[in-house]
Amino acid sequence: MKKIVGAKLRELRKERQCSQEEVVNSLGVSQATYSRLENGQAKITYEIICKLIQLYKLKSEDLIDIFPFGTFLLLGI
């Protein structure tokens, strides 16, 4: 599931024409942490999801496309 979320994060960032640097600055995480998220090597946290919603101005239907249903169950959302 982490790889699916990571691929969706990368796709979203590229669709919005953002660099990794812009995203990490907005999220307040290191370049290494965000790279691990995009590569499916780290779990996304509730805090990062909330910041992504603000950064990309996402709607609830966007979240369903980006994050598999199981992600929300794991995070208790």
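Considering NZ of Lys14 and OG of Ser19, their distance stands at 12.0 Å, rounded to 0.5 Å. The distance from atom CG of Asn25 to atom CD of Gln31, rounded to the nearest 0.5 Å, is 9.0 Å.
In this structure, the side chains of Ile44 and Leu52 come closer than 4.5 Å at one or more pairs of heavy atoms. Between Leu27 and Thr33, the closest side-chain pair of non-hydrogen atoms is not below 4.5 Å.
Listed by chain and number, the residues in a side chain to side chain contact (heavy atoms under 4.5 Å, CB included) with Ala32 are Ser30, Arg36 (sequence neighbours excluded). Every residue two or more places apart in sequence or in another chain was checked for a side chain to side chain donor-acceptor pair (under 3.5 Å) with Tyr56, and none qualifies. Residues meeting the side chain to side chain donor-acceptor pair (under 3.5 Å) test with Glu11, sequence neighbours left out: none.
Considering all non-hydrogen atoms of both residues, Ala42 and Leu37 come closest at O-CD2, 3.7 Å. Closest approach of Glu38 and Arg13 over heavy atoms only: OE2-NE, 2.6 Å. When every heavy atom of Asn39 is checked against every heavy atom of Lys3, the shortest pair comes out as O-NZ, 4.0 Å. The two atoms that bring Val29 and Ile48 nearest to each other are CG1-CD1, 4.1 Å, heavy atoms only.
Open room surrounds CD on Glu47; 12 or fewer heavy atoms of other groups in view lie less than 6.0 Å from it.
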